[in-house]
Each structure stands twice: as C-alpha cells, then as structure tokens.
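Here's the structure, in structure tokens; my notes come after.
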Number of protein chains: 2
Amino acid sequence: MKPRASGCCHAHDAELPDLTEKLRRNSRKITGPRQAILAAMRNHPRPLLIKEIHGLLGKRDCDLVTVYRSIDLLRRMGMVRRIEFGKGGSRYELIPEGDSEHHHHLVCEACGRVLQIDECLLLDAERIIEKASGFRAVTHRLEFFGLCPDCQG
Amino acid sequence: MKPRASGCCHAHDAELPDLTEKLRRNSRKITGPRQAILAAMRNHPRPLLIKEIHGLLGKRDCDLVTVYRSIDLLRRMGMVRRIEFGKGGSRYELIPEGDSEHHHHLVCEACGRVLQIDECLLLDAERIIEKASGFRAVTHRLEFFGLCPDCQG
DNA sequence: GCCTCAGATGCAAATGATTTGCAAAACCAG
DNA sequence: CTGGTTTTGCAAATCATTTGCATCTGAGGC
Ligand SMILES: [Mn+2]
Ligand SMILES: [Mn+2]
Ligand SMILES: [Zn+2]
Ligand SMILES: [Zn+2]
C-alpha cells in the first residue's frame, strides 16, 4: 500500500480511452467539447470538479452545461468514473483503457492535495459481506482523509 | 464481519445521548423541535435524510430549516454523525452515548435497505497510510453497495 | 411568578450543484 | 452537398442547503 501523487504516472496515449472509436460505435458525434474535455482530463490526472474541468477549457470552448452532459456521456460509456469526496460536488477522473482495477484516494482536508492509493484491501471483504448478508454485486466506495505534511501543525 | 439490519439493536435510553444535559452544558436551549428530532431518530435507527426526519415530525412540529439547524447543532455536539451514500443529500444517525467505534453500511442500490457492518478492517490501513504518506490524523469514509436478496434477478 | 435577553425559530430569499426544455448549430452518413 | 440526428447554448427549473431578519421563547435572576 504505497500512496503516490494522484495520476503521477502518465499513462501512454494508447492506454487512454479511445474517444473517437467509442463514440462512433454508439452513433454519437465527435465534437470539439468532448475532445477538449478529455484532453483537459488527460493533462490533469486527478479527480476534477465539473467546474474545474470547465475552467480548464478555453473559457469559450463550451458551456458549463455541456461539460455536465459530456461527462455524463463519457461516464455511461465507461471512460470516466465519478468520485465523491463529500464536499462541493462530484469529481471525475479518466479510466485508463482496459483498466479493471479501481483505486482510492487520500485527501488532505486542509489543502485538498490528493494522493492515490492503488492497493485495495476490500475485495475479500465484499465477498465475505455477500456471503453473510445475501446481497449480490457488492461494491464499495472508500476514501481516506487527513492532513498532508505541509498542512500539519 | 456480520452485517445486520441497521439499528436493529435498540440501545437502552441510558446509552443514548443525553440531550438535556449536553444542551445545558453549552448554554443552548431545550426546545420542542430538538427533542422531537432526537425522538424521531431514536425510533428510526438508520441513516436518515433531513427531509425524512422532517417528515417524521408531526408536520407542524417545526420548519425544515429548523431541522437543518438542529441537526447541525447535534452534530457539533457529537450526538449525531453525518453519512454520505452519494445520492440525494446527506444522512444522519445517532451516535450512542460513549460510542468510540464507527461502523459502515451496506446499502441496496435498488430499494435502499440498509444493513450495518460493525467491524472495520481499516484502522490498520490508516496507520500504514500515515507512515507511507506522511499524512496525519487519517480517517476514512467507506460504504458498501449492492442488491439485497429481495431486489436480485 | 415576572422580566429580560441570548438563543431559537419561521419564512422568504440566496446559494450552489445539477438537470431540463427548446430552438439553433454542428456532425456525418449517404 | 443535404437531411436528419445529435449537440450545444442559454434560460429556467430543481434540489439540497444556507443565510438574513424580524419575531418568539426558554430559563436564569429578581
Ligand atoms: Mn484517482
Ligand atoms: Mn449506521
Ligand atoms: Zn476498494
Ligand atoms: Zn472504518
């Protein structure tokens, strides 16, 4: 379990979701806003607020509502995942192509810095909970919070 | 790790937070709405939405805004904790008197049923993450989601 | 019991995040 | 190119939560 700067490992383009192909396959259109949003998320690999994504776009690239709609489409197509830090709206991050793993985050409650925690200890827990409760398709949502070195004291 | 119906164990009154005393100690007033809210939460021991709490009160017991303000006071006084299921607003549940443990929940994504999971496997994880990241005062937020027996198939 | 006033409440309105309606604009298959 | 479908922008609606303010009330003190 080694936390690391969120998204510090720049995935190759090949590992990133192929917008064009996926859109075509669903008879959706390849548009400027969608490309710009994906590009912005590639360049800022950490969970971003809709407002932040919009801010990263050349202000006049597209409307805030279009960011909402595009992110939702990307999410339904499995290219983006939604993350909740519990304050100030949902956040979204890219899902690397062919990524079957998930990860968690360690968020500084003072400055908002985010580290990524790759190892998940809860897959066993999910199976155990399924057996004990009779639930199926059990998943989990887990985030860690604390004070980063710069924000202590 | 044995999930169980959320709040199925009715704590004795003695184990529940003592509103009167705690309010007095902070020079806050013992009012009808506050007593009614606490009573409603006692009778429905699971994470409730503000709207649900308000609904449980005799409609004209108090204003929705008062529920917000009262719950926030109770939370700041350590009698109530906030829980996020990620949809439709924050939820709140009573903290039994002298309770130093926390627990997690298993939520049915179809019907909303909630089981409580008493064991937490992440306290060690917090310590390990602190050592590995340099963060301090690390806490976590964890919920499980799935389909309860009645909602499968 | 009555006074007094900090603390509480109701109601209206403000905020902030997200969604929806709709007409105009952009894609792209043919 | 053209036509028809998908997208987008803009305004307005929704939802959850907060804030402002005038009015009300619980509870200590007389
Ligand atoms: Mn991440
Ligand atoms: Mn609970
Ligand atoms: Zn996990
Ligand atoms: Zn825990």
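Labels below follow one simple rule: chain letters A, B, ... track the order of the sequence lines, proteins then strands, and each chain is numbered from 1.
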Sugar-phosphate, base or nothing in reach of B/I30, heavy atoms under 4.0 Å: sugar-phosphate

Residue-phosphate contact under 4.0 Å: [X] side-chain N/O, [N] OP1/OP2:
{"X": "A/T66", "N": "D/dT7", "result": "no"}
{"X": "B/Y68", "N": "D/dT18", "result": "no"}
{"X": "B/S70", "N": "C/dA8", "result": "no"}
{"X": "B/T31", "N": "C/dA8", "result": "no"}

Could you check if a side-chain atom of [X] sits within less than 4.5 angstrom of a side-chain atom of [Y], using non-hydrogen atoms only?
{"X": "A/Y68", "Y": "A/D72", "answer": "no"}
{"X": "A/V80", "Y": "A/I95", "answer": "no"}
{"X": "B/P47", "Y": "B/Y92", "answer": "no"}

Nearest-Å distance for atom pair [atom1]/[atom2], residues [X] and [N]:
{"X": "A/D61", "N": "D/dT7", "atom1": "CG", "atom2": "P", "answer": "18 Å"}
{"X": "B/L73", "N": "D/dT18", "atom1": "CG", "atom2": "C1'", "answer": "16 Å"}
{"X": "A/L23", "N": "C/dA26", "atom1": "CG", "atom2": "P", "answer": "18 Å"}
{"X": "B/N26", "N": "D/dG26", "atom1": "CG", "atom2": "P", "answer": "19 Å"}
{"X": "B/I83", "N": "D/dA16", "atom1": "CD1", "atom2": "P", "answer": "18 Å"}
{"X": "A/L49", "N": "C/dT18", "atom1": "CG", "atom2": "P", "answer": "8 Å"}
{"X": "A/Q35", "N": "D/dT8", "atom1": "CD", "atom2": "P", "answer": "11 Å"}
{"X": "A/L64", "N": "C/dG16", "atom1": "CG", "atom2": "C1'", "answer": "11 Å"}

Test log, rule side chain to side chain contact (heavy atoms under 4.5 Å, CB included), inputs B/R141 and A/E84: CA-CA 10 Å; B/R141 185 195 303 290; A/E84 309 284 352; over 6 Å; no

B/H54 side chain vs B/L49 backbone, donor-acceptor pair below 3.5 Å: no

5' precedence on DNA chain C between B/G32 and A/R24 (nearest-nucleotide basis): B/G32

Salt bridge (charged side-chain N to carboxylate O under 4.0 Å, His left out) contacts touching residues 28-38 of chain A (sequence neighbours left out): none

Verdict with reasoning, B/L122 to A/L142, per side chain to side chain contact (heavy atoms under 4.5 Å, CB included): CA-CA 10 Å; B/L122 293 170; A/L142 166 67; 3.7 Å; yes

Evaluation steps, side chain to side chain contact (heavy atoms under 4.5 Å, CB included), between A/L56 and A/N43: CA-CA 10 Å; A/L56 291 170; A/N43 294 331; over 6 Å; no

Between the first and last five pairs of the helix from C/dG1-D/dC30 to C/dA13-D/dT18, the angle of the axes, rounded to 10 degrees: 30°

Mutual orientation of the aromatic rings belonging to A/H140 and A/H104 [parallel < 30°, tilted 30-60°, perpendicular > 60°]: tilted

Crowding at CZ, A/R127 (>12 non-hydrogen neighbours, <6.0 Å): yes

Scan nucleotides 20-22 of chain C against the protein and return all N/O pairs shorter than 3.5 Å with their distances rounded to 0.1 Å.
{"residue": "C/dG21", "atom": "O6", "partner": "A/R69", "partner atom": "NH1", "Å": "3.3"}

Close N/O contacts between protein and nucleotides 5-7 of chain C (under 3.5 Å):
{"residue": "C/dA6", "atom": "N3", "partner": "B/K29", "partner atom": "NZ", "Å": "2.9"}

side-chain contact (heavy atoms from CB on, under 4.5 Å) partners for B/E109, two or more places apart: B/F145

Residues which pass salt bridge (charged side-chain N to carboxylate O under 4.0 Å, His left out) with B/R81, listed by chain and number, not counting sequence neighbours: B/E93, B/D99

